[in-house]
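The next block holds one structure in the form of structure tokens; read it before the comments.
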Amino acid sequence: MLAIGIESSCDDTAVAVLNGKRVVLSSLVSSQIKIHEKYGGTVPEIAAREHLSNLLPLFKNALEGSGVLLKDVDVVCVTRGPGLIGALLVGVSFAKGLAASLNVPLVPVDHVHAHVHGALLGLPQKISTEDLFPALTLVVSGGHTNLFYMANETSFELISKSIDDACGESFDKVAKLLGLDYPGGPEIEKRALLGDENAFPMPKMMAKKQSLDFSYSGLKTHIVYTYRNMKKDKKNIDDLCASFQKAAFEQIIRKVKIVLQSKRAQSVRSFIVSGGVAANTYFRQLVAQEIDVPAHFPRLEFCSDNAAMVAAYGLALYEQQKNKEDFQKSYWEPYSRYS
Ligand code: KG4
Ligand code: ZN
């Protein structure tokens with residue numbers, strides 16, 4: 001099946017064309033980072049206006065790059081939420097119009113859940129859905145640190161989440177404190193490579209509590225005090241980045257291990273990691289060393305926001321929905337928050 005994916009939930013406009021769930025024919029992303037940088041964060045109205053001017057040319061380029069003719073498209077998939085409502089409205093309106101004009105089904109998808117499917121893009125066909133699910137899945141980005149149990153590729157049961165900052169958000173905030181560029185994750189990873197990860201003692205977040213939830217604000221506050229009291233030379237900053245990065249990821253590894261020891265997790269066949277933070281090489285190595293079930297990470301281009309993951313998840317939803325006519329109804333709306 002040929003699917004078009006459309007993503008406009010935050011500050012990336014994205015369009016992709018897929019031939020089935022894993023084969024990406026084209027995937028384009030137009031980033032607004034440079035525009036929002038000077039404001040210190042994404043400005044919702046500017047984001048929406050940028051999507052409005054970027055989406056149509058991006059769509060035309062993605063279609064041309066895929067070699068697919070519009071008349072052959074079988075389904076349109078679009079991010080319904082969570083995200084900035086004005087930004088979402090641009091993508092959703094465009095997708096509704098496109099699906100109506102082609103007279104094909106329109107599949108609305110949850111952005112956070114779609115990230116998981118980004119990790120499966122390009123997987124060889126010999127790895128079947130049954131080889132992957134039930135799965136433990138982690139979406140770790142600038143907005144989310146969510147751990148799910150997934151009995152199959154479309155069922156998401158939230159096991160735990162961050163009670164304060166998301167993991168990526170803590171990288172961004174710590175980087176800002178240390179005077180590094182935005183987004184902070186890749187900058188901290190680079191500096192950490194040069195540092196000693198045991199140089200500064202770090203608190204073990206949520207260690208005593210039975211809760212499987214994550215917390216990052218205490219770690220961030222600890223960095224604020226450590227930074228205030230240390231000599232601010234290059235070596236110390238490298239060491240602090242390495243120590244912070246280790247603590248940030250050890251918390252995740254600890255919780256994932258606890259979940260994998262539970263009775264129910266005995267049937268889990270894979271650990272699927274996705275979201276912007278999944279690009280981190282140190283984290284990938286830590287997972288390979290510490291987690292016993294087979295792990296899957298997205299290709300780098302599919303870690304951060306993209307529309308290929310939207311089309312892939314939309315196709316999975318379309319396949320498993322018995323009543324296909326449900327996708328012809330267009331009275332649903334976008335939603336801003338993760339529920
Ligand atoms: O998924 P994403 O592109 O956007 C959303 O938040 O939805 O994730 C962006 C986040 C940022 O917080 C960024 O600092 C983080 O992912 N990130 C990283 C790395 N690359 C991106 N964090 C740690 N290490 C990295 N290499
Ligand atoms: Zn995202």
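Computed from a prediction, not measured in an experiment: that's the story for all the values here. Both counts, for ligands and for their atoms, begin at 1 and track the order of listing. The analysis underlying the following values was restricted to heavy atoms, covering all of them including side chains, and did not include hydrogens, waters or symmetry mates.
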Closest protein heavy atom (residue, atom, distance) for [atom]:
atom                    : result
atom 24 (N) of ligand 1 : N280 ND2, 2.9 Å
atom 11 (C) of ligand 1 : D172 OD2, 3.5 Å
atom 26 (N) of ligand 1 : E189 OE1, 2.8 Å
atom 3 (O) of ligand 1  : S304 CB, 3.1 Å
atom 15 (C) of ligand 1 : V277 CG2, 3.8 Å

Test of understanding: clusters of I, L, V, M, F, W, Y form through side-chain heavy atoms closer than 4.5 Å, transitively. Do W332 and F94 belong to the same one?
yes

Flag H144 as yes if one of its N/O/S atoms falls below 2.8 Å of the Zn ion (ligand 2), otherwise no.
no

Does H111 bring an N, O or S atom to within less than 2.8 Å of the Zn ion (ligand 2)?
yes

State whether the shortest distance between N or O atoms of [X] and N or O atoms of ligand 1 falls below 3.5 angstrom.
X    : answer
G185 : yes
G142 : yes
G276 : yes
P183 : no

Worked check of side chain to side chain donor-acceptor pair (under 3.5 Å) between Y182 and E187
CA-CA 8 Å; Y182 179 87; E187 296 300 312; over 6 Å; no

Near G143 (heavy-atom distance under 4.0 Å), the atoms of ligand 1 are 6 (O)

With atoms numbered from 1 as shown, which atoms in ligand 1 lie under 4.0 angstrom from a non-hydrogen atom of G184?
14 (O)

Contact with ligand 1 for C10, non-hydrogen, under 4.0 angstrom:
no

Taking the non-hydrogen atoms of H115, is any one of them nearer than 4.0 angstrom to ligand 1?
yes

Salt bridge flag under 4.0 Å for residues D165 and K173
yes

Check this for me, if you would: do D233 and K235 make a salt bridge, where the nitrogen-to-carboxylate-oxygen distance has to be below 4.0 angstrom?
no

The test is salt bridge (charged side-chain N to carboxylate O under 4.0 Å, His left out); show your working for D238 and K234 and say whether it passes.
CA-CA 6 Å; D238 291 346; K234 184 182 170 306; 2.6 Å; yes

Taking the ring of H144 and the ring of Y338, is the distance between their centroids below 6.0 Å?
yes

Are [X] and [Y] in a cation-pi contact, defined as NZ or CZ under 6.0 Å from the six-membered ring centre and within 45° of the axis?
X    : Y    : value
R264 : Y149 : yes
K232 : Y227 : yes
K324 : Y318 : yes

Considering just N/O/S atoms, say which atom of D305 is closest to the Zn ion (ligand 2).
OD1

Enclosure of E333 CD (heavy-atom neighbours >12, cutoff 6.0 Å)
no

